[in-house]
Amino acid sequence: MDETNALIEQRKAKLAALRARGLDPFRNKFSPSHTCAEARTHYVEGLSVAVAGRVTAHRDMGKSLFLDLRDGSGRIQIYAQKNVVGDDAYDLLKHLDLGDFLGVRGTLFTTRTGEISVKAMECVLLAKALRPPPAKWHGLEDTEIRYRQRYLDLIANPEVKDLFLKRSQIIRTIRDFLHSRGYVEVETPILQPIPGGAAARPFKTWHNALGCEFYLRIALELPLKRLLVGGFDRVFELGRTFRNEGISRRHNPEFTMLEAYQAYGDYETMMELVQSMIVHVAQTVLGTLRLEHRNPEGRVVRTIDLTPPWPRVRYKDLVRERAGSDWFDLTPQQRRERALQWGAEIGPDYEDFEVTQAVFEKLIEPTLIQPVFVTHLPKELIPLAKLSPEDPSTVEVFELCMNGQELAPAYTEQNDPIEQRERLEHQAGGERQKLDEDFLVALEHGMPPAGGMGMGIDRLCMTLLGQESIRDVILFPQLRPRAPAGGSARPATPAPGSQSTPERPQPETSREDG
RNA sequence: GGGUUGGUAGCUCAGUCGGUAGAGCAGCGGCCUUUUAAGCCGUUGGUCCGGGGUUCGAGUCCCCGCCAACCCA
């Protein structure tokens, strides 16, 4: 990114020329009276307006010229005549570059071809752009630039910007929905001495002053349950979680998760909550319950119908339906063989329930396009849930599946501290240090019966917005860091076996305590 | 981790059999006072991802590496 080229040199020369004329190419302030969109919607012939934005097109007619000005609201055309703005200002406009920010004072009028425009009286350069923008109408295609320099993607591809605005609305609508149901939003630690609430590899870091390791959280569950103990009866957190695992179309190392807990609820309470919430979000943000997913050519490849109620099916019934009605009558060895025949990945050390789960993930989940609540999962899969009284080999759990992936698990939360300890110890497989004793102590103080749910917000956005890659719903997806320009090919790697950064004085920041 | 495809001008892309590096847009200069992918004339611009090899000669063929997308694990 340190490279330079003729285009940049030209722009820097223009910058120097402006300064030589006594003009400040980077103004501190310009106060628009209207946004670009407002100037158009509030149109009155002859109305004085001040607008500001980025120059996105430049049509020079000789002694007059047209500019397109774009701000966050939209676009408006500027018309400038040499004999109106004067020679100096006209010269400035003539040599503007695409990407520069400009403030314009003038009056509204309609051109011969019917476009609402601002007839410029006064023009002020607000910020000079030293690098050229991506192509005008091709958009920006290069995925690497799109992800690494998202701002260019947002400038060049309006549909990308629209998508991220929708993501923002989705998250806002979720918050509003939960608040309307009496939920309290909280923030709990990202740095945790013991990562819990899920089975995933954590990121590790080091606290210098305390001289100990911390992990970035892999789930929100355990702190939120402590709050149930503390009397927050309806509580949620919407925040970033981190998993130190592979990066793929469906996985980013940091992702946004929602977890919500409701005292005196159970998994069926959460089923109603999740269904109502997603229906409400789709209706509010998209105005429809029919989600049409299109391929890059624009053809509809998949339609998801969110009309409630969503069907429920028991895990075992679903497995029998897809993997053979005799599936649970087989011996573990026979199950293993059949799973391999189906092409599921079976590790040599897989336990029997994991074999079934591999079949579920490989064979069944990808086919679940329409929303469905898969209930009563094997108890081994979810040690934080309560057993089902009807079938104690299963737990009171549902997985909401749609769009071929798991979107939201929820369950009746385990609140028996002794039972909970046994289940966690069994899962930890003897690694006692992984047990969150502090959480168990909290449970021993008494946790009300409760329902809880978790939801991957990125996956929800993919489903609602019809995106096939998680990178297209995360503004700055994780990529391998670029090699330093002109330097050695590889970025600096930490010493083998050490994930912690060496002790180093923190730079003083001036904003923090101002 | 494995496979496939790709990386050429600021952007979008061509580049034939191995023989002087191309287009459109953007840029620069000129003309034009209602254009809107403005138009017309002229014109600049290249670490062909990096390194090595084969060859008289490599964007092109071979090897190694980097980055990305997709598929698989």
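A, B, ... follow the sequence lines: proteins, then strands. Residue 1 opens every chain. Just so it is clear, the values below take in all heavy atoms, side chains as well, and ignore hydrogens, waters and symmetry mates. From a predicted model like this one, the values you see are computed outputs, not experimental measurements.
Pairing for rG29(B) goes to rC41(B), judged as Watson-Crick or G-U wobble with the two contacts each under 3.5 Å. For rG19(B), the paired nucleotide is rC56(B), the pair qualifying as Watson-Crick or G-U wobble because both relevant distances are below 3.5 Å. The partner of rG24(B), taking Watson-Crick or G-U wobble pairs whose two distances both stay under 3.5 Å, is rC11(B).
For Leu96(A) and Gly62(A), each mapped to the nucleotide of RNA chain B holding its nearest heavy atom, the one lying further toward the 5' end belongs to Leu96(A). When each of Ile247(A) and Glu468(A) is assigned the nucleotide of RNA chain B with its nearest heavy atom, Glu468(A) is the one assigned upstream, toward the 5' end.
Note on Arg250(A) versus Glu406(A): no salt bridge recorded, every NZ/NE/NH1/NH2 to OD/OE distance being 4.0 Å or above. Using a 4.0 Å cut-off between charged nitrogen and carboxylate oxygen, Asp317(A) and Arg320(A) count as a salt-bridge pair. With respect to Asp100(A) and Lys14(A), no salt bridge is recorded, no charged nitrogen being found less than 4.0 Å from a carboxylate O.
Counting distance only, with no hydrogens placed and no angle test, the side-chain atoms of Arg59(A) and the base atoms of rU35(B) include a donor-acceptor pair under 3.5 Å. With hydrogens and angles ignored, no donor-acceptor pair closer than 3.5 Å exists between the side chain of Glu115(A) and the base of rU34(B). Counting atom types as modelled, Thr111(A) pairs a side-chain N or O with a base atom of rU35(B) as donor and acceptor under 3.5 Å.
Using a 4.0 Å heavy-atom criterion, one finds that Leu140(A) contacts the sugar-phosphate atoms exclusively. Across all strands shown, Asp97(A) has heavy atoms under 4.0 Å from sugar-phosphate atoms exclusively, and none from any base. Here Arg146(A) lies out of heavy-atom contact (under 4.0 Å) with every strand. Note on Arg249(A): only backbone sugar-phosphate atoms sit closer than 4.0 angstrom, heavy atoms only; bases stay farther off.
Nearest to the side-chain atoms of Arg480(A) among the listed nucleotides rC66(B), rA69(B), rC70(B) stands rC66(B). The side chain of Lys119(A) lies closest to rU34(B), out of rU34(B), rU35(B), rC28(B). The side chain of Asp142(A) approaches rU12(B) more closely than any other nucleotide in the set rA69(B), rC28(B), rU12(B). Candidate nucleotides rC67(B), rU35(B), rA26(B) were compared by shortest atom distance to the side chain of Arg148(A), and rC67(B) ranks first. Picking from rU33(B), rG29(B), rU35(B) the nucleotide with the shortest atom distance to the side chain of Arg112(A) gives rU35(B). Closest contact between the side chain of Pro134(A) and the listed nucleotides rC11(B), rC67(B), rC70(B) involves rC11(B).
Atom CD in Gln81(A) sits about 6 Å away from atom C1' in rU33(B), given to the nearest Å. One atom, CD of Glu245(A), and another, C1' of rG1(B), lie 15 Å apart when rounded to the nearest Å. Regarding Arg75(A), its CZ atom lies at a distance of 14 Å from the P atom of rU35(B), rounded to whole Å. As a whole-Å value, the separation of Asp91(A) CG from rC28(B) C1' is 15 Å. Per the geometry, CE belonging to Met61(A) stands 15 Å off C1' belonging to rG30(B), to the nearest Å. As a whole-Å value, the separation of His58(A) NE2 from rG29(B) P is 11 Å. Between Asp100(A) atom CG and rG27(B) atom C1' there is a gap of 13 Å when expressed in whole angstrom units. Atom CG in Asp153(A) sits roughly 15 Å away from atom C1' in rU12(B) (whole-Å rounding).
For Arg471(A) and rA69(B), the shortest distance from a side-chain N or O to OP1 or OP2 is below 4.0 Å. Put simply, Lys63(A) has no side-chain N or O that comes within less than 4.0 Å of OP1 or OP2 on rC31(B).
A heavy atom closer than 4.0 Å to some atom of RNA chain B occurs in Asn83(A), these being the qualifying members of residues 82-90 of chain A.
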Identify all pairs in which a protein N or O lies below 3.5 Å from an N or O of nucleotides 43-46 of chain B, and state each distance.
none

Output one line per pair: protein atom, nucleotide atom from nucleotides 2-9 of chain B, and distance, for all N/O pairs under 3.5 Å.
none

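Distance check: Leu291(A) CG to Leu306(A) CG gives 4.5 Å after rounding to the nearest 0.5 Å.
Within a 6.0 Å sphere centred on CG of Asn28(A), heavy atoms belonging to other residues, nucleotides or ligands number 12 at most.
The aromatic rings of Phe398(A) and Phe373(A) sit perpendicular, their planes meeting at an angle over 60°, well past the 30° parallel limit.
Asn403(A) and Arg302(A) form a side-chain donor-acceptor contact under 3.5 Å, judged by distance and modelled atom types alone. Counting only N and O atoms by type, the side chains of Asp142(A) and Tyr147(A) include no donor and acceptor under 3.5 Å apart.
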May I have the step-by-step check of side chain to side chain contact (heavy atoms under 4.5 Å, CB included) for Met402(A) and Ile369(A), ending in yes or no?
CA-CA 5 Å; Met402(A) 71 170 94; Ile369(A) 303 302; over 6 Å; no
